Amino acid sequence: MNTLWIEIIFWIALFIVFYTYLGYGIVLYLLVKLKELFVKPIKRKLPEDSTLPEVTLFITAFNEEEVVDEKMKNSLELDYPKDKLHIVWVTDGSNDETNERLRTRWEGKATVLFQPERQGKTAAMNRGMKLINTPIVVFTDANTMVNREAIREIVLAFEDTRVGCVAGEKRIAVQTRDGAAAGGEGIYWKYESTLKALDARLYSAVGAAGELFAVRRELFEEMERDTLLDDFILSLRIAMQGHTIAYCTQAYAIESGSADMHEEEKRKVRIAAGGLQSIWRLRPLLNPFRYGILSFQYVSHRVLRWSLTPILLFLLLPLNVLLLCMGAPCEVYGTILVIQVLFYILGLLGYYLSTRQIKNKLLFIPYYFLFMNVNVLKGIGYLRKKRGTGAWEKAKRGKAS
């Protein structure tokens with residue numbers, strides 16, 4: 001292979017990496033601004049309390065005795081008519097004090113659906129949803145706390161008849177233990193939230209996060225039991241039916257970051273594996289002739305991150321070195337090599353500081369970025385290992401300060 005072909009591969013790889021992590025955000029911003037020159041957003045008003053729809057707050061939990069009381073207090077403080085908000089816990093397989101606390105301390109305040117066998121979160125959702133009959137279902141995790149106005153904001157988003165799913169915002173609480181895990185995850189989610197909001201303004205958000213999202217009950221589709229990203233699969237299947245996913249920044253769930261980078265690695269590997277699984281199960285969405293702009297958003301925001309881009313990212317360094325060895329212009333390729341090496345060094349410094357419990361947000365950015373992409377590659381092995389089962393080990397969360 002001559003130098004020209006290697007150069008072509010190098011520049012294509014560099015373009016895809018840049019587009020995936022920065023370029024798409026720039027393109028998205030420009031498209032949104034262009035759209036809103038001609039189409040102004042519609043401001044909607046929430047109906048009177050007497051006409052508000054009934055809502056189910058749906059919580060799947062496995063051995064969550066430490067957070068049951070806090071979650072129930074948070075749920076009961078939500079600003080929504082008490083006779084129209086139903087709290088349901090699905091606690092399949094829990095063998096700690098989760099069920100006992102719900103039964104004794106919160107009797108009459110929540111419905112508990114329990115079965116001894118643990119089949120995973122998706123199976124629990126499928127089973128529980130068969131018993132729900134409210135028009136709107138809000139899903140939230142046991143270990144996340146929701147802001148007081150969240151339900152009203154979500155219901156307001158559903159006033160748009162095109163909306164089939166509403167994605168709430170995920171926020172990471174300040175954490176006292178491992179700065180890299182919480183700091184890196186927090187920075188990542190701030191950027192993600194910006195992209196999701198822009199996606200929704202252009203056409204539709206590309207998926208929802210399980211910490212807080214809602215669907216119209218009649219649009220719920222039972223999912224395969226071994227689904228790893230139930231929130232993502234469910235929300236995008238609703239979008240594939242012709243509905244949109246609204247993104248609601250005024251409805252948010254607060255969650256502590258992972259306890260440390262080992263726990264964060266478990267979470268990222270599972271998400272990466274779920275992303276690969278999702279690409280296969282949502283493969284019709286890759287067809288832009290059928291799904292148009294949603295297809296463009298899906299590939300740009302999700303598919304590239306979970307498939308091609310991490311591979312190309314780690315190929316850039318050896319390709320760069322090879323081109324210099326083959327006599328490519330040093331002014332161009334030497335400069336790019338220096339930038340790459342410097343970025344990896346900063347990532348290693350970020351890793352070193354995280355092992356010493358030293359907080360440095362500037363260095364956590366390259367470290368967390370490389371960490372995420374390495375875990376996408378690890379996700380392939382995880383997907384093979386977990387094939388056929390929906391039960392997975394939870395990542396431990398840190399304590400917010």
Side-chain angles (χ1 to χ4, degrees), residues 19-53 55 78-80 135-139 146-171 189-209 211-219 231-232 234-253 285 287-303:
Y19 176 76
T20 301
Y21 295 110
L22 290 175
Y24 174 61
I26 296 169
V27 171
L28 185 59
Y29 176 81
L30 294 175
L31 288 174
V32 167
K33 289 300 181 183
L34 181 62
K35 174 192 173 184
E36 293 181 351
L37 284 176
F38 303 97
V39 182
K40 299 299 180 183
I42 300 172
K43 289 189 176 181
R44 302 179 187 277
K45 290 182 65 176
L46 196 63
E48 298 293 326
D49 283 8
S50 60
T51 58
L52 286 174
V55 175
L78 294 172
D79 179 23
Y80 204 77
I136 294 174
V137 183
V138 178
F139 296 95
V146 177
N147 66 305
R148 190 170 184 271
E149 304 78 19
I151 306 298
R152 286 186 183 270
E153 294 292 338
I154 287 170
V155 170
L156 177 59
F158 277 119
E159 286 294 296
D160 184 344
T161 56
R162 298 171 303 168
V163 172
C165 172
V166 177
E169 183 168 284
K170 174 180 175 179
R171 299 183 183 180
W189 272 105
K190 285 178 183 177
Y191 179 61
E192 261 301 290
S193 295
T194 301
L195 287 185
K196 286 183 176 185
L198 288 171
D199 272 329
R201 285 165 64 185
L202 181 63
Y203 173 67
S204 171
V206 187
E211 287 77 10
L212 180 63
F213 76 107
V215 303
R216 296 187 190 274
R217 173 64 186 85
E218 72 270 16
L219 299 179
D231 45 10
F232 187 74
L234 173 57
S235 57
L236 275 182
R237 282 181 174 166
I238 288 173
M240 289 168 72
Q241 296 177 42
H243 304 277
T244 62
I245 303 169
Y247 187 67
C248 189
T249 58
Q250 300 305 310
Y252 56 87
L285 193 49
N287 182 357
F289 298 103
R290 183 176 178 184
Y291 292 103
I293 196 165
L294 180 63
S295 223
F296 160 70
Q297 292 178 294
Y298 172 59
V299 171
S300 299
H301 194 162
R302 296 300 184 186
V303 174

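The structure displayed is predicted, hence computed values, not measured ones.
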- Item | side-chain contact (heavy atoms from CB on, under 4.5 Å) assessment of Ile293 paired with Leu31 | CA-CA 11 Å; Ile293 196 165; Leu31 288 174; 5.7 Å; no

- List the steps, then state whether side-chain contact (heavy atoms from CB on, under 4.5 Å) holds for Val27 with Leu30. CA-CA 5 Å; Val27 171; Leu30 294 175; 5.9 Å; no

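Side-chain contact between Leu202 and Gln297 is present, with at least one heavy-atom pair separated by less than 4.5 Å. Asp231 is not listed as a side-chain neighbour of Phe139, based on a closest heavy-atom distance of 4.5 Å or more. When side chains are defined from C-beta on, Tyr24 counts as touching Asp199, because their heavy atoms get closer than 4.5 Å. Between Leu212 and Val138, the closest side-chain pair of non-hydrogen atoms falls below 4.5 Å. Residues Arg217 and Ile136 are not in side-chain contact: their nearest non-hydrogen atoms beyond the backbone lie 4.5 Å or more apart. With contacts defined as side-chain heavy-atom distances shorter than 4.5 Å, the pair Val166/Phe213 does not qualify. Looking only at side-chain heavy atoms (C-beta outward), Leu219 and His243 come within less than 4.5 Å of each other. Counting heavy atoms from C-beta on, the side chains of Thr249 and Lys196 never come closer than 4.5 Å.
Within a 6.0 Å sphere centred on CD of Glu48, heavy atoms belonging to other residues, nucleotides or ligands number 12 at most.
The backbone N or O of Gly207 lies less than 3.5 Å from no partner atom in the side chain of Tyr298, so there is not a single donor-acceptor pair. Although no hydrogens or angles enter the test, the distance criterion places a donor-acceptor pair under 3.5 Å between the side chain of Arg152 and the main chain of Asp79. The backbone N or O of Phe158 sits less than 3.5 Å from a side-chain atom of Arg216, completing a donor-acceptor pair. Between the side chain of Ser235 and the main chain of Phe232, a donor-acceptor pair closer than 3.5 Å is present.
Side chains of Ser300 and Tyr19: a donor-acceptor N/O pair is present below 3.5 angstrom, by distance only. Tyr247 and Ser193 are linked by a side-chain donor-acceptor pair at a separation below 3.5 angstrom, with hydrogens and angles left out of the test.
Using a cutoff of 4.0 Å between basic side-chain nitrogens and carboxylate oxygens, Arg302 and Glu192 are scored as salt-bridged.
In this structure, CZ on Arg44 lies 12.5 Å from CG on Leu46, to the nearest 0.5 angstrom. Rounding to the nearest 0.5 angstrom, the gap separating the CG atom in Leu28 from the NZ atom in Lys33 is 11.5 Å. Atom CD of residue Glu218 and atom CD1 of residue Ile238 lie 9.0 Å apart, to the nearest 0.5 angstrom. Considering OG of Ser204 and CG of Leu236, their distance stands at 7.5 Å, rounded to 0.5 Å. Note: Tyr29 OH to Leu34 CG = 12.0 Å, rounded to the nearest 0.5 Å. To the nearest 0.5 Å, the span separating OH on Tyr203 from OG1 on Thr244 amounts to 6.5 Å.
Nearest heavy atom pair, residue Ala214 against residue Ile154, reads CB-CG2, 3.6 Å. Heavy-atom minimum distance, Tyr252 versus Asn147: N-OD1, 2.8 Å.
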